[in-house]
Amino acid sequence: MSSLTSNSMPLSESGISKEINSIQLGHTIGHGSTATVSVAKSIWSDEVFAVKSVDLSQSQLLQKEHKILSQLSSPYVVSYKGRDVTKEKDKLMFNLLMEYMADGTLSDEIRKQGGRINEPLIGHYTKQILLGLEYLHSRGIAHCDIKGHNILVGKTGAKIADFGCARWIDPAERDGGAAAASAEQIGGTPMFMAPEVARGEEQGCPADIWALGCTIIEMATGGSPWTNVTNAASLLYRIAFSGQSPVIPKLLSLEAKDFLNKCLRRDPKERWTAKELLKHPFLEEHLNSNSEENQDFVTSSPTSILYQDIWSSSIQTVSSMESPLQRIRELGLNSGELKWRWNDDHRWITVRSSE
């Protein structure tokens, strides 16, 4: 293990600097194009953390994630543990410390369950994700990238993680106000984007509900919410303008299908809110289900297209073109000069061992 105590330059933040400057880095559990996630252990308390690190010169997104995560406290959101700047191999690194969830992501759990999750366990995880979303939305925050890969699983269940695409719904409530809002860009993962997001119109709390619906399909089938898609441009066009919604799996109960219908309404004004969905019969039915008993369901299914590079990527847009339709067309035509970035630090490659 390498220590973060050497050459440390702590950010002045009461109550955490001592802890941050007294941890040892362990093995890597994930990485993106520029950032790395490692396990770390406190020298003083033996507490285990997850540390997300990136070159300080490229840390704008991670510092934004820190600003949001540091204001949150919910049993359904991964916990913030601190931040630090260290010097490693003549490089300044920005480090974000978070709660470590040993069981990995919800996508990992789907694979462990043999390719899909049984309905009682889907209900169990869905309720916890919704409780997390209700908390975020009540604080004026939209996550903007809900999917299996951004939900962490542990002994207590599921927690929302990765706030790199998150945003304040009311710009006046955050530092920077309207000026910062003008720089806000639409982001997320194409397969989980709501129609209004794919059109570049808006990205708020209703888009998180749409993405939750897509994540339920991911849990139920082990596959993509959208099928028979050949490229990114056709996918975005289909989401934005086809008038279609993802196909609801036939194997689900009537209550689960109705729940998904409430999530996957194309008009964001007609989608149910997190608070409304928490009262839906589908979640009431599984309210007292035992998550350990639900681990027994194992069924094989084809590998999900979600793990192919193009669909696992997060994107950010530059709204310089005249219309959403033109933006999507330009994406398909100008492959050499894309206006959308498909690869950034949110495209994590899991390297966590089964242990």
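Every value quoted in this text rests on a predicted model; they were computed, and no experiment measured them. Every heavy atom of this structure was used, including side-chain atoms; hydrogens, water molecules and symmetry mates were not.
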**Asked** Is any side-chain heavy atom of Asp84 less than 4.5 Å from a side-chain heavy atom of Val51?
**Response** no
**Message:** Checking the side chain of Arg116 only, and the main-chain atoms of Gly222 only, is there a donor and an acceptor separated by less than 3.5 Å?
**Reply:** no
**Hydrophobic cluster membership, Leu251 vs Tyr125, 4.5 Å side-chain cutoff** = yes
**Asked** Can you list every pair that meets salt bridge (charged side-chain N to carboxylate O under 4.0 Å, His left out) and has a residue in residues 232-247, with sequence neighbours left out?
**Response** none
**Side-chain touch Leu278/Lys127, heavy atoms, less than 4.5 angstrom** = yes
**Message:** What I want to find out is whether Glu47 reaches Lys81 closely enough, with some N-O distance under 4.0 Å, to be called a salt bridge.
**Reply:** yes
**Item:** From CG (Leu62) to CD (Gln60), nearest 0.5 Å
**Value:** 11.0 Å
**Item:** Asp145 (side chain) donor-acceptor with Cys165 (main chain) under 3.5 angstrom
**Value:** no
**Asked** Transitively linked via ILVMFWY side-chain contacts under 4.5 Å: Val247 with Trp226?
**Response** no
**Item:** Between OG on residue Ser245 and CD1 on residue Ile239, distance to nearest 0.5 Å
**Value:** 10.5 Å
**Item:** Phe259 vs Leu283 side-chain heavy atoms within contact, under 4.5 Å
**Value:** yes
**Qualifying ring pair (Phe, Tyr, Trp, His ring centres under 6.0 Å) pairs with a residue from residues 196-219, counting only residues at least two apart or across chains** = none
**Message:** Just so I know, are the side chains of Glu134 and Tyr76 near enough to count as touching, which here means a heavy-atom distance under 4.5 Å?
**Reply:** no
**Fill in**
Residues Ser73 and Tyr135: closest non-hydrogen pair is N-OH, 2.8 Å
**Item:** Heavy-atom closest pair, residues Thr215 and Gly148
**Value:** CG2-N, 3.8 Å
**Prompt:** Is the closest side-chain heavy-atom distance between Gln71 and Trp168 below 4.5 Å?
**Reply:** yes
**Message:** Measuring only between side-chain heavy atoms, which start at C-beta, is Thr189 closer than 4.5 Å to His149?
**Reply:** no
**Message:** Show the nearest heavy-atom pair for residues Asn95 and Met93, with the distance to one decimal.
**Reply:** ND2-O, 3.6 Å
**Expected output: side-chain Asn261 to main-chain Lys257 donor-acceptor under 3.5 Å** = yes
**Asked** Between CD1 of Ile209 and CD1 of Ile146, what distance do you get to the nearest 0.5 Å?
**Response** 9.0 Å
**Asked** Of all residues at least two apart in sequence or in a different chain, which pass the side chain to side chain donor-acceptor pair (under 3.5 Å) check with Ser74?
**Response** none
**Prompt:** Do Val37 and Val48 share a hydrophobic cluster (ILVMFWY, side-chain heavy atoms under 4.5 Å, transitive)?
**Reply:** yes
**Complete:** Correct closest heavy-atom pair for His143 and Ala161 would be NE2-O, 2.8 Å
**Asked** Does the side chain of Ser57 come under 3.5 Å of the side chain of Asp55 through a donor N or O and an acceptor N or O?
**Response** yes
**Prompt:** Where do Val153 and Met101 land on the side-chain contact (heavy atoms from CB on, under 4.5 Å) test, with the steps shown first?
**Reply:** CA-CA 6 Å; Val153 178; Met101 302 284 282; 5.7 Å; no
**Item:** Pair listing, salt bridge (charged side-chain N to carboxylate O under 4.0 Å, His left out) test, anchored in residues 187-198, at least two apart
**Value:** Glu196-Arg271
**Request:** Give the C-alpha distance, both sets of side-chain angles, the deciding distance and a yes or no for side-chain contact (heavy atoms from CB on, under 4.5 Å) between Cys214 and Met191.
**Result:** CA-CA 8 Å; Cys214 294; Met191 274 286 180; over 6 Å; no
**Request:** Measure up the His280 and Phe282 rings against each other and bin them: parallel (under 30°), tilted (30 to 60°), perpendicular (over 60°).
**Result:** perpendicular
**Message:** Tell me if a side-chain donor or acceptor on Gln128 pairs with a main-chain N or O of Thr156 at a distance below 3.5 Å.
**Reply:** yes
**Separation of Leu260 CG from Arg265 CZ (nearest 0.5 Å)** = 12.0 Å
**Request:** With the side chain counted from C-beta on, respond yes when Asp103 and Leu152 share a heavy-atom pair under 4.5 Å apart, and no when they do not.
**Result:** no
**Prompt:** Looking at Gly164 and Leu61, what are the two nearest heavy atoms and their distance?
**Reply:** O-CD2, 4.3 Å
**Item:** Smallest separation among heavy atoms of Val77 and Phe163, with atom names
**Value:** CG1-CZ, 3.6 Å
**Item:** Pairing residues for Glu99 by the salt bridge (Lys or Arg N to Asp or Glu O under 4.0 Å) criterion, not counting sequence neighbours
**Value:** Lys159
**Message:** I'd like to know if the side chain of Glu255 and the backbone of Pro281 have a donor-acceptor N/O pair within less than 3.5 Å.
**Reply:** no
**Prompt:** Taking side chain as C-beta onward, heavy atoms only, is Leu133 less than 4.5 Å from Leu277?
**Reply:** no
**Item:** Worked verdict on Cys205 versus Ile169 for side-chain contact (heavy atoms from CB on, under 4.5 Å)
**Value:** CA-CA 8 Å; Cys205 299; Ile169 302 305; 4.0 Å; yes
**Item:** Stepwise salt bridge (charged side-chain N to carboxylate O under 4.0 Å, His left out) test for Glu276 and Lys262
**Value:** CA-CA 10 Å; Glu276 290 172 330; Lys262 302 296 191 293; over 6 Å; no
**Message:** According to side chain to side chain donor-acceptor pair (under 3.5 Å), who are the partners of Ser38, at least two apart in sequence or on a separate chain?
**Reply:** none
**Asked** Rounded to the nearest 0.5 Å, what separation is found between the CG atom of Leu106 and the NZ atom of Lys147?
**Response** 12.0 Å
**Request:** Step by step, work out the side-chain contact (heavy atoms from CB on, under 4.5 Å) result for Lys67 and Gln63.
**Result:** CA-CA 6 Å; Lys67 185 179 291 187; Gln63 291 197 46; over 6 Å; no
**Request:** Mark yes or no for whether His137, through its side chain, and Pro206, through its backbone, hold a donor-acceptor pair below 3.5 Å.
**Result:** no
**Item:** Cys263 side, atom SG; Asp208 side, atom CG - distance, nearest 0.5 Å
**Value:** 11.0 Å
